[in-house]
Amino acid sequence: MQILYKSTRGAGEPIPASLAILKGLSEDGGLFVPTSIPPLDIPLEKLAQMNYQETAYEVMRRFLTDFTEEELKNCIRSAYDSKFDTECIAPLHEAGGAYFLELYHGATIAFKDMALSILPHLMTTAAKKNNVKNEIVILTATSGDTGKAALAGFADVPGTRIVVFYPKHGVSPIQEKQMVTQKGANTFVVGITGNFDDAQTAVKKMFNDRAMARELDEAGFQFSSANSINIGRLVPQIVYYVYAYTRLLGQGRIQAGDLINVTVPTGNFGNILAAYYAKEMGLPIGKLLCASNENKVLYDFFSTGTYDRKREFILTSSPSMDILISSNLERLIYRLTGEKADQCADLMRALSTGGEYTITGEMKAQLGDFYGNFCSEGETREAISATWYGSRYVIDPHTAVAAGVYQKYVRDTKDTTPTVIASTASPYKFTRSVMNAISDQYQGLDDFALADALEKLSGVPVPAAVNEIRTAPVLHDTVVDAENMPNAVRKFLGIL
């Protein structure tokens with residue numbers, strides 16, 4: 001069955017997966033979605049006997065139908081290799097009455113590695129398939145983790161360049177050091193004086209700027225995206241939910257067909273949307289727990305049916321979730337409209353012009369699969385502390401938001417369905433928040449001393465990703481206002 005991709009806002013004819021991956025964003029500003037969700041028509045017991053790479057092939061081949069078996073297996077083989085520090089790629093750890101799915105064993109110790117390790121291979125394969133002659137310019141806004149994972153994935157990949165924008169004062173010191181020390185002649189990292197939403201809005205505006213597209217094309221370039229708006233980011237994320245379920249099945253924790261719940265710390269809505277797509281494929285998922293930090297725009301949406309970004313932007317200890325415009329929610333909204341692109345486009349226009357939209361009662365009634373809640377900063381610290389002192393297991397602040405929301409859900413509903421919590425970053429990325437939550441004795445230490453203290457405390461070695469930036473020189477020091485982002489891109493490409 002061939003799966004094609006169409007825009008959530010209706011423009012253009014459906015296109016194959018490879019072209020959707022290359023484009024990143026539709027010309028009308030919409031996001032590419034599959035014309036249908038393919039069924040997971042393979043016995044779960046059979047998947048339980050497969051390793052991560054084999055599972056990835058079975059899931060991804062159902063979505064990326066214009067890739068040959070050889071092409072797709074080569075992309076998977078190149079992505080999920082020794083860059084990961086564990087053979088199983090995404091281990092499960094039982095703690096606090098749930099199963100933590102550790103998605104941070106890749107090169108940059110964050111869950112973004114799970115998709116961004118394979119995206120460059122999918123993209124360069126797609127470029128060959130479509131006879132693309134231009135150099136592909138990856139344009140990305142990051143709230144902390146996507147940036148480094150994308151940089152690591154695309155560094156020195158022939159035929160590509162990558163530009164990453166991040167909020168100068170909105171990421172952790174380790175996150176920033178990881179980005180600004182990035183090697184690679186084709187990489188460019190830019191801090192902006194605004195927040196993540198400012199960066200993301202400016203990036204989307206560049207994608208939709210026809211004059212800039214012509215200017216780039218004349219110079220031999222074309223834009224694509226490594227953000228989760230790219231369907232090539234989203235499809236690989238579906239894999240690890242299928243993998244988690246089949247590991248529980250293989251370990252005898254559940255029987256085939258038993259429901260599990262999934263809890264995801266959520267900012268841009270891509271990671272939890274991947275779990276939703278896995279459920280739509282037929283994976284036995286009950287509830288999808290959407291966990292927000294104090295920027296609780298999604299919690300309010302699930303509670304009221306109104307998405308309202310007109311509020312204070314709060315800097316928290318979980319910066320990758322400090323987002324008020326959750327781009328991937330558009331894909332869910334499109335489904336809720338009954339795939340009525342005009343209605344979806346109207347809602348997105350209302351968000352862009354007036355800062356809010358409200359879905360119909362009929363649409364809200366379809367949100368029964370989701371449970372939304374949030375954790376305050378205090379509750380996030382408590383979740384880190386409780387998980388450490390209760391299970392001797394260290395989690396980062398994003399994962400802690402999910403753990404805290406899971407506990408709220410159990411208290412609210414008394415539902416004890418086996419639950420997988422997406423553990424999205426290594427605690428070593430956020431050592432100050434983690435160590436301060438565990439004890440107040442670490443106050444005077446710098447971030448690398450805190451990493452050493454965490455190693456001593458937990459017995460988990462400091463990851464290579466942290467050790468290698470201790471003394472690495474800063475290679476990127478450009479900072480601009482959001483309105484100057486297009487000229488920063490032009491300058492990097494030598495067309496200004």
Side-chain angles (χ1 to χ4, degrees), residues 1-8 14 16-17 20-21 30-44 46-47 55-65 101 103 111 114-115 228-246 248-249 254 256-264 266 268-291 298 301-302 326-341 343-344 359 362-372 417-420 422:
M1 180 172 76
Q2 188 183 29
I3 303 291
L4 296 174
Y5 290 82
K6 56 189 176 181
S7 169
T8 51
I21 289 169
L31 278 57
F32 286 113
V33 289
T35 48
S36 62
I37 302 291
L40 190 63
D41 50 359
I42 178 171
L44 293 167
K46 189 173 180 184
L47 283 167
T55 305
Y57 175 71
E58 289 300 333
V59 174
M60 291 174 66
R61 77 178 179 85
R62 286 165 166 77
F63 283 93
L64 309 181
T65 54
L101 178 62
L103 300 173
F111 84 100
M114 302 298 293
S228 56
I229 56 174
N230 193 316
I231 199 71
R233 266 280 304 274
L234 193 57
V235 169
Q237 292 180 269
I238 300 168
V239 174
Y240 47 72
Y241 294 110
V242 175
Y243 183 73
Y245 186 96
T246 58
L248 292 175
L249 178 58
I254 57 173
D258 287 354
L259 289 178
I260 65 166
N261 291 338
V262 173
T263 309
V264 186
T266 309
N268 220 10
F269 208 75
N271 203 1
I272 195 165
L273 184 74
Y276 173 75
Y277 277 5
K279 179 178 169 71
E280 292 285 285
M281 290 183 83
L283 192 71
I285 293 174
K287 283 284 185 183
L288 297 157
L289 281 60
C290 180
L298 286 166
F301 168 72
F302 284 116
S326 302
S327 289
N328 269 288
L329 186 62
E330 180 171 343
R331 287 184 165 115
L332 178 63
I333 295 296
Y334 177 73
R335 300 273 291 178
L336 298 179
T337 64
E339 305 201 341
K340 295 185 178 74
Q343 191 178 345
C344 183
I359 60 174
E362 187 183 353
M363 291 167 69
K364 190 170 186 297
Q366 298 175 59
L367 291 174
D369 290 341
F370 291 89
Y371 166 91
T417 299
T419 297
V420 168

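The model shown is predicted, which means the values in this text are computed figures rather than measured ones. Starting from 1, each residue takes its place in the sequence as its number.
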Peer 1: Contact between Asn271 and Gln237 at the side-chain level, heavy atoms closer than 4.5 Å - yes or no?
Peer 2: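 When only atoms from C-beta onward are counted, Gln237 and Asn271 do touch, with a gap below 4.5 Å.
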Peer 1: Can you tell me how far apart OG1 (Thr337) and CG (Leu332) are? Round to the nearest 0.5 Å.
Peer 2: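 Rounded to the nearest 0.5 Å, the OG1-CG separation comes to 10.0 Å.
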Peer 1: Can you measure from CD1 (Ile37) to CD1 (Ile238) and round to the nearest 0.5 angstrom?
Peer 2: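 The CD1 atom of Ile238 is 6.5 Å from CD1 of Ile37, to the nearest 0.5 Å.
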Peer 1: Which pair of heavy atoms, one from Met281 and one from Pro38, lies closest together, and at what distance?
Peer 2: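 What the structure gives for the nearest pair is CG-O, 3.3 Å.
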Peer 1: If you compare all heavy atoms of Ile231 against all heavy atoms of Pro236, which two are closest, and at what distance to 0.1 Å?
Peer 2: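 Shortest heavy-atom contact: O-CD, 4.4 Å.
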Peer 1: Output all residues satisfying side-chain contact (heavy atoms from CB on, under 4.5 Å) with Ala256, sequence neighbours left out; order by chain, then residue number.
Peer 2: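 Glu45, Leu249.
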Peer 1: Would you call Ile254 and Pro284 a side-chain contact if the rule is heavy atoms closer than 4.5 Å?
Peer 2: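 With C-beta onward as the side chain, the pair stays apart.
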Peer 1: State, without any angle test, whether Asn328 and Arg331 hold a side-chain donor-acceptor pair at a distance under 3.5 Å.
Peer 2: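 Short answer, yes.
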Peer 1: Measure the CD1-CG distance between Ile42 and Leu47 for me, rounded to the nearest 0.5 Å.
Peer 2: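 One gets 4.5 Å once the value is rounded to the nearest 0.5 Å.
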Peer 1: Nearest 0.5 angstrom please: Cys290 SG to Tyr371 OH, how far?
Peer 2: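 Between atom SG of Cys290 and atom OH of Tyr371 there are 11.0 Å.
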Peer 1: In the structure I gave you, are the side-chain heavy atoms of Ser228 and Phe269 within less than 4.5 Å of one another anywhere?
Peer 2: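 A side-chain contact under 4.5 Å is absent here.
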Peer 1: Applying ring pair (Phe, Tyr, Trp, His ring centres under 6.0 Å), can you list everything that pairs with Phe301, at least two apart in sequence or on another chain?
Peer 2: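 Ring pair (Phe, Tyr, Trp, His ring centres under 6.0 Å) list for Phe301, sorted by chain: empty.
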Peer 1: Under a 4.5 Å cut-off applied to non-hydrogen side-chain atoms, are Thr417 and Lys287 in contact?
Peer 2: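 Thr417 does not reach Lys287 side chain to side chain.
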Peer 1: At their closest point, which heavy atom of Tyr5 faces which heavy atom of Val235, and how far apart are they?
Peer 2: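 The answer is OH-CG2, 4.4 Å.
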Peer 1: For a side-chain contact (heavy atoms from CB on, under 4.5 Å) check, start with the C-alpha distance between Ile333 and Met363, then their side-chain angles and the critical distance, and finish with the verdict.
Peer 2: CA-CA 8 Å; Ile333 295 296; Met363 291 167 69; 4.2 Å; yes
Peer 1: Answer yes or no: is there a side-chain heavy-atom contact under 4.5 Å between Thr246 and Lys46?
Peer 2: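 No. Closest side-chain heavy atoms not under 4.5 Å.
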Peer 1: Would Phe370 and Ile272 satisfy side-chain contact (heavy atoms from CB on, under 4.5 Å), going step by step from the backbone distance to the final call?
Peer 2: CA-CA 10 Å; Phe370 291 89; Ile272 195 165; 4.3 Å; yes
Peer 1: Are any non-hydrogen side-chain atoms of Ile285 and Ile260 less than 4.5 angstrom apart?
Peer 2: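 Yes. Closest side-chain heavy atoms under 4.5 Å.
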Peer 1: What is the minimum heavy-atom distance between Pro34 and Phe63, and which atoms define it?
Peer 2: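 Closest heavy-atom pair between Pro34 and Phe63: CG-CE2, 4.3 Å.
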Peer 1: Look up atom CG in Leu40 and atom CZ in Arg62, then write down how far apart they are to the nearest 0.5 Å.
Peer 2: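 Between atom CG of Leu40 and atom CZ of Arg62 there are 6.0 Å.
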Peer 1: Do Val33 and Arg335 have side chains that approach each other closer than 4.5 Å (heavy atoms only, starting at C-beta)?
Peer 2: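 Heavy-atom side-chain distance check fails, nothing below 4.5 Å.
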Peer 1: Would you name the heavy atoms of Lys279 and Gly286 that are closest together and state the gap between them?
Peer 2: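 The pair with the smallest heavy-atom distance is NZ-O, 3.3 Å.
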Peer 1: If the threshold is 4.0 Å, N to carboxylate O, is there a salt bridge linking Lys6 and Glu339?
Peer 2: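 Result for this pair is yes, salt bridge flagged.
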Peer 1: Drop me the distance from Tyr276's OH to Tyr241's OH, to the nearest 0.5 angstrom.
Peer 2: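 The OH atom of Tyr241 is 14.5 Å from OH of Tyr276, to the nearest 0.5 Å.
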Peer 1: Can you list the steps and then say if Ile359 with Gln366 is a side-chain contact (heavy atoms from CB on, under 4.5 Å)?
Peer 2: CA-CA 11 Å; Ile359 60 174; Gln366 298 175 59; over 6 Å; no
Peer 1: So, for Tyr240 and Met114, which heavy atoms are closest and what is the spacing to 0.1 Å?
Peer 2: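 In this case the closest contact between Tyr240 and Met114 is CE2-CB, 3.6 Å.
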Peer 1: Taking the side chain as C-beta and beyond, is there a heavy-atom pair between Leu64 and Ile21 under 4.5 Å?
Peer 2: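 They are in contact (side-chain heavy atoms under 4.5 Å apart), so the answer is yes.
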Peer 1: Step by step, would you call Leu248 with Asp258 a side-chain contact (heavy atoms from CB on, under 4.5 Å)?
Peer 2: CA-CA 10 Å; Leu248 292 175; Asp258 287 354; over 6 Å; no
Peer 1: What residues, two or more places apart in sequence or in another chain, satisfy side-chain contact (heavy atoms from CB on, under 4.5 Å) together with Ser327?
Peer 2: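 With sequence neighbours excluded, Ser327 shows a side-chain contact (heavy atoms from CB on, under 4.5 Å) to Gln200, Lys204, Ile229, Asn268, given in chain and number order.
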